[in-house]
Each structure stands twice: as C-alpha cells, then as structure tokens.
Asks: 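Quick one: this structure, given as structure tokens, is what I'll be asking you about.
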Amino acid sequence: MEKVGFIGLGRMGRPMASNLCRKGFRLTVNDINPEAVAELELLQAGSAATVAEVAQKSDIIVTMLPNSAVVDDVVSRADGSIASAKPGSLILDMSTIDPGTTDRLAKAAAAKGVAFVDAPVGRLASHADRGESLFMVGGSVKDFERVKPLLEAMGNTIYHCGEVGSGTRTKLVNNFLAVSSCQMNAEALALSQRFGLNLERTLDVLYGTTAVNGQLKIAWPVKVLAGDIEPGFTIDLAHKDLTLIIDAANAVKVPMPMAAAAREAFSTARARGFGDRDFSAMVDALCDLAGIEKPRLPKK
C-alpha cells in the first residue's frame with residue numbers, strides 16, 4: 001500500500017484523512033492547527049512539521065486547502081510539495097481552486113517527474129464525516145486508477161471527468177448551480193416572510209412543484225431554518241467559488257449575469273458580518289437587510 005501524505009485538516013480535510021486512517025492507509029499529516037494534527041495522531045497517523053517532510057515521506061501527497069493562493073504556495077514554493085516530492089510521486093489536490101492554477105501546477109509537477117490529479121469534492125462536510133463524498137477527478141487514466149483506492153475510502157461516488165483540470169472545471173459548473181440557487185432560496189423565503197406566509201405551508205407547496213431544489217429541501221431545513229448557521233460551507237467560501245466561476249467564464253468569454261448578481265449578494269452578506277456563517281444563512285442576511293424576521297421552522 002502506498003504511503004499517503006495529507007496536507008490540510010480543516011472541516012472537510014479532517015474527516016477525509018480520518019476515513020483514510022480507518023481504512024488502513026498509512027498517513028503523514030500536516031496542518032497549521034495542532035489540534036487537528038493531534039486528532040489524526042490518535043488514529044495512528046504520523047505527523048510532519050513541514051510540507052517538505054510530508055512530501056519526502058509519501059508516495060501520494062493529498063492537499064485539501066481553502067483557496068488557490070494557499071494551494072499554489074504549498075505545492076509550488078521552493079520547499080513545497082513538487083520540489084520535495086520523490087520522482088514518481090503523485091500530488092492529489094482536492095481543493096476548489098482556479099483552473100489556471102491547476103493547469104500551471106500540473107505542468108510544473110510533470111517537469112519534475114511528479115504526477116498531478118485534481119479531484120475537488122462534491123457534497124457537504126456531513127457527507128465527508130460519513131465517507132460519502134463525491135469526487136470530480138481530472139487526470140490520466142493511469143493516475144486516476146492510482147488514486148481511486150483513496151477516493152473510495154473517502155467517498156462513495158467518483159467521476160473521472162477527463163484529463164488534468166477537468167475535475168476543477170466540473171466543480172465550478174456544479175457550484176455555480178449550488179451557490180446561485182442559495183441566493184434564489186434566500187429571495188424566495190424573504191419574500192414569503194414579507195407576505196406574512198406560514199413557512200411550513202410555503203415549503204410544502206414549494207416541495208410539491210418544480211420550484212424545489214436540493215438546497216431548500218435537504219440542506220436548509222436542518223441548517224438555517226432550524227437556527228443552525230454554524231458552517232458546513234461558509235458564505236466566504238461560496239463567494240470565493242462564485243469569483244472563480246465568474247473569472248473562469250470571463251476567460252472563455254461566457255457571460256454569467258446570474259453568477260455576477262449572486263456574487264454581489266454574497267458580497268453584501270459578507271459586508272454585514274455573515275462571512276463565517278453557513279451559506280444557508282444568506283436568507284438571514286437578506287432578512288436583516290430588509291428588516292424582517294428570520295424564517296425558522298418550529299422545533300419538533
């Protein structure tokens with residue numbers, strides 16, 4: 001079994017790395033949060049003080065990091081993953097980042113004899129906890145087969161989308177729909193509050209028509225409508241993804257007016273202090289702005 005390095009033990013990375021440990025993979029982990037590292041050590045993972053040490057001890061180096069700049073720094077700096085990796089190693093980046101960054105890192109890795117696979121994650125942190133993540137994978141068939149056992153240990157749905165970079169681009173298409181629908185949900189429920197409608201009855205109607213979507217029916221009732229705005233996926237991260245989506249679309253001359261409008265709505269929520277809350281809290285931000293009561297389902 002190949003030795004695995006795991007860099008980035010945040011809300012998504014920590015359960016993924018934990019599932020790898022539980023499935024028998026030998027891990028070396030690194031994170032800026034010592035508590036996260038200590039939790040993995042309890043599952044028999046080794047720890048490394050630096051990214052370079054992770055790379056030197058690993059055959060496959062996994063990164064699960066918050067944005068393009070951090071991934072770029074960790075992977076491409078002088079003592080980063082590429083420079084420190086052994087020839088024949090593979091870097092598996094599961095972060096959601098700019099496609100141009102993915103392309104550039106893959107090219108730099110190839111020049112050093114290191115393979116590169118992008119496999120951003122679908123679904124929520126709660127799915128990662130249960131080992132039910134979805135992965136959109138970009139890489140050669142050979143490299144995909146090499147990382148597939150890891151992905152199977154962390155998730156239950158895996159799509160090989162094509163060559164390097166196709167996973168990242170698929171994720172942006174997916175998140176455009178997921179994040180933009182969050183703004184539409186917010187507007188719809190804020191309007192229902194303004195109209196003085198009964199929230200439960202309104203939801204029953206929406207669930208029974210083609211207006212329904214997964215966020216409103218599956219995620220929101222157990223998050224914002226239940227008063228839980230602790231992040232699974234934050235408004236700040238949703239804003240970041242919308243920026244990636246718009247930038248990527250602009251680069252290939254595809255107009256995205258809905259995405260641009262949604263991003264500005266998320267910008268407003270961030271400016272009002274909601275950035276670190278779950279992205280379902282967009283409805284709270286909008287209700288605050290409109291001066292109306294936040295929608296909450298009665299406790300059962």
Side-chain angles (χ1 to χ4, degrees), residues 6 8-20 31-33 35-36 39-40 62-67 70-71 94-97 119-136 151 154-157 168 170-186 188-189 203 212-245 262-263 265-267 269-270 272-288 294-297 299:
F6 204 109
L9 302 174
R11 182 61 187 90
M12 294 290 281
R14 191 186 308 190
M16 289 178 173
S18 298
N19 283 321
L20 286 173
D31 193 84
I32 59 174
N33 179 4
E35 293 181 3
E39 184 176 314
L40 267 294
V62 181
T63 50
M64 184 62 182
L65 299 165
N67 57 50
V70 176
V71 174
M94 300 193 300
S95 318
T96 300
I97 63 171
V121 185
R123 300 179 181 158
L124 304 171
S126 57
H127 293 98
D129 293 337
R130 300 191 298 268
E132 297 174 355
S133 292
L134 177 151
F135 296 98
M136 295 155 263
L151 301 178
M154 296 182 284
N156 61 5
T157 309
T168 296
T170 302
K171 177 66 180 286
L172 295 189
V173 172
N174 176 82
N175 278 26
F176 166 61
L177 292 178
V179 175
S180 295
S181 68
C182 192
Q183 173 61 19
M184 291 188 288
N185 290 341
L189 294 190
L203 290 175
V212 72
N213 60 63
Q215 289 293 326
L216 189 59
K217 187 172 184 179
I218 299 170
W220 283 38
V222 297
K223 292 299 292 181
V224 66
L225 300 183
D228 178 8
I229 56 175
E230 287 301 308
F233 184 67
T234 66
I235 285 173
D236 279 339
L237 286 175
H239 182 273
K240 183 263 292 187
D241 281 3
L242 281 168
T243 299
L244 291 173
I245 292 156
R263 180 175 65 173
F266 277 79
S267 294
R270 297 174 79 213
R272 295 180 67 82
F274 285 82
D276 62 350
R277 303 180 193 181
D278 188 80
F279 78 145
S280 63
M282 282 297 297
V283 68
D284 286 2
L286 190 62
C287 287
D288 274 1
K294 298 180 179 70
R296 293 292 186 266
L297 290 167
K299 292 183 179 180

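Note that the structure is predicted; figures quoted are calculated from it, not measured. Just so you know, these numbers use all the heavy atoms, side chains as well, and skip hydrogens, waters and symmetry mates.
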Asks: For Leu216 and Leu203, what are the C-alpha separation, side-chain angles and deciding distance, and is it a side chain to side chain contact (heavy atoms under 4.5 Å, CB included)?
Replies: CA-CA 8 Å; Leu216 189 59; Leu203 290 175; 4.1 Å; yes

Asks: Could you tell me if the side chain of Arg123 sits less than 4.5 Å from the side chain of Asn156, heavy atoms only?
Replies: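 Yes, at least one pair of side-chain atoms sits under 4.5 Å.
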
Asks: Looking at CG of Leu134 and CG of Leu124, how far apart are the two atoms once the value is rounded to the nearest 0.5 Å?
Replies: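 Here the rounded value is 11.5 Å.
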
Asks: Do Met12 and Phe233 make a side-chain contact, defined as non-hydrogen atoms from C-beta onward lying under 4.5 Å apart?
Replies: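 SC-SC contact between Met12 and Phe233 ruled out.
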
Asks: Quick one: does Lys299's side chain have a donor or acceptor within less than 3.5 Å of a partner on Ala226's backbone?
Replies: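 Side chain of Lys299 to backbone of Ala226, a donor-acceptor pair under 3.5 Å: no, none is there.
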
Asks: Okay, side chain of Ser95, backbone of Leu65: is any donor-acceptor separation there less than 3.5 Å?
Replies: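 Side chain of Ser95 to backbone of Leu65: a pair is present.
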
Asks: Between atom CG of Leu242 and atom CG of Leu237, what is the distance when rounded to the nearest 0.5 Å?
Replies: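 Those atoms lie 11.0 Å apart.
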
Asks: May I ask you to check whether His239 and Arg270 show a side-chain donor-acceptor distance below 3.5 Å?
Replies: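 Yes, a side-chain donor-acceptor pair sits under 3.5 Å.
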
Asks: Answer yes if the side chains of Asp236 and Thr234 hold a donor-acceptor pair under 3.5 Å, and no otherwise.
Replies: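 There is no such pair between these side chains.
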
Asks: Is any side-chain heavy atom of Asp276 closer than 4.5 Å to one of Pro231?
Replies: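 Result no, sub-4.5 Å side-chain heavy-atom pair not found.
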
Asks: Distance check, rounded to the nearest 0.5 Å: Asn175 atom CG versus Thr170 atom OG1?
Replies: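 Answer rounded to 0.5 Å: 11.0 Å.
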
Asks: To the nearest 0.5 Å, how far apart are OG1 in Thr157 and CD in Glu132?
Replies: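 Rounded to the nearest 0.5 Å, the OG1-CD separation comes to 8.5 Å.
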
Asks: Could you tell me whether the side chain of Asn19 and the main chain of Pro15 form a donor-acceptor pair under 3.5 Å?
Replies: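 Present.
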
Asks: Quick test of your reading of the model: are Arg14 and Glu39 salt-bridged, counting only N-O distances below 4.0 Å?
Replies: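 Salt bridge between Arg14 and Glu39, a charged N being under 4.0 Å from a carboxylate O: yes.
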
Asks: Would Arg272 and Phe274 count as a cation-pi pair here, with the cationic atom under 6.0 angstrom from the ring centre and within 45° of the axis?
Replies: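 No, Arg272 does not lie over the aromatic ring of Phe274.
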
Asks: Apply side chain to side chain contact (heavy atoms under 4.5 Å, CB included) to the pair Asn185 and Trp220, showing each step before the final yes or no.
Replies: CA-CA 9 Å; Asn185 290 341; Trp220 283 38; 3.3 Å; yes

Asks: Measuring from Ile97:CD1 to Thr168:OG1, what's the distance to the nearest 0.5 Å?
Replies: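 Rounded to the nearest 0.5 Å, the CD1-OG1 separation comes out at 5.5 Å.
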
Asks: Indicate yes or no for a side-chain donor-acceptor contact from Lys223 to the backbone of Glu230 under 3.5 Å, with no hydrogens or angles considered.
Replies: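 Checking the backbone N and O of Glu230 against the side chain of Lys223, a donor-acceptor pair under 3.5 Å is found.
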
Asks: For a side-chain contact (heavy atoms from CB on, under 4.5 Å) with Leu189, tell me which candidate from Val224, Asp284, Leu225 qualifies.
Replies: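 Of the listed options, the one satisfying the test is Leu225.
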
Asks: Locate the shortest heavy-atom distance separating Pro120 from Thr96; write the atom from each residue and the value.
Replies: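 Result for this residue pair: CB-OG1, 4.2 Å.
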
Asks: Which atoms form the tightest heavy-atom contact between Ile229 and Ala281, and what is the distance?
Replies: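 Nearest pair, atom of Ile229 first, then Ala281: CG2-CB, 3.7 Å.
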
Asks: Does Arg263 reach the main-chain N or O of Ser180 with its side chain, forming a donor-acceptor pair under 3.5 Å?
Replies: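 Flag not set: sc Arg263 to bb Ser180 has no pair under 3.5 Å.
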
Asks: Indicate the atoms forming the closest heavy-atom contact of Cys182 with Met282, along with that distance.
Replies: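 In terms of heavy atoms, the two residues are closest at SG-CG, 4.0 Å.
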
Asks: Using a strict cut-off of less than 4.0 Å between a Lys/Arg side-chain nitrogen and an Asp/Glu carboxylate oxygen, indicate whether Asp129 and Arg11 qualify as a salt bridge.
Replies: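 Salt bridge: yes.
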
Asks: To the nearest 0.5 Å, tell me how far Met16 CE sits from His127 NE2.
Replies: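 Going from CE on Met16 over to NE2 on His127, the span is 11.0 Å.
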
Asks: Does Asp288 come within less than 4.0 Å of Lys294, counting only side-chain N to carboxylate O?
Replies: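 Yes, Asp288 and Lys294 are salt-bridged.
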
Asks: Ala128 and Ser133: which non-hydrogen atoms are nearest, and at how many Å?
Replies: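 Minimum heavy-atom separation between Ala128 and Ser133: CA-OG, 3.5 Å.
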
Asks: Can you give me the closest heavy-atom contact between Met94 and Val62, atom names plus distance?
Replies: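 Between these two residues, the closest heavy atoms are CE-CG1, 3.5 Å.
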
Asks: Would you find a donor on one side and an acceptor on the other, under 3.5 Å apart, between the side chain of Lys171 and the backbone of Val121?
Replies: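 Present.
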
Asks: For Asp278 and Gly232, indicate whether the former's side chain and the latter's backbone hold a donor-acceptor pair under 3.5 Å.
Replies: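 Flag set: sc Asp278 to bb Gly232 pair under 3.5 Å.
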
Asks: For Ala238 and Phe266, which heavy atoms make the closest approach, and how far apart are they?
Replies: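 For Ala238 and Phe266, the tightest heavy-atom pair comes out as CB-CE2, 3.4 Å.
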
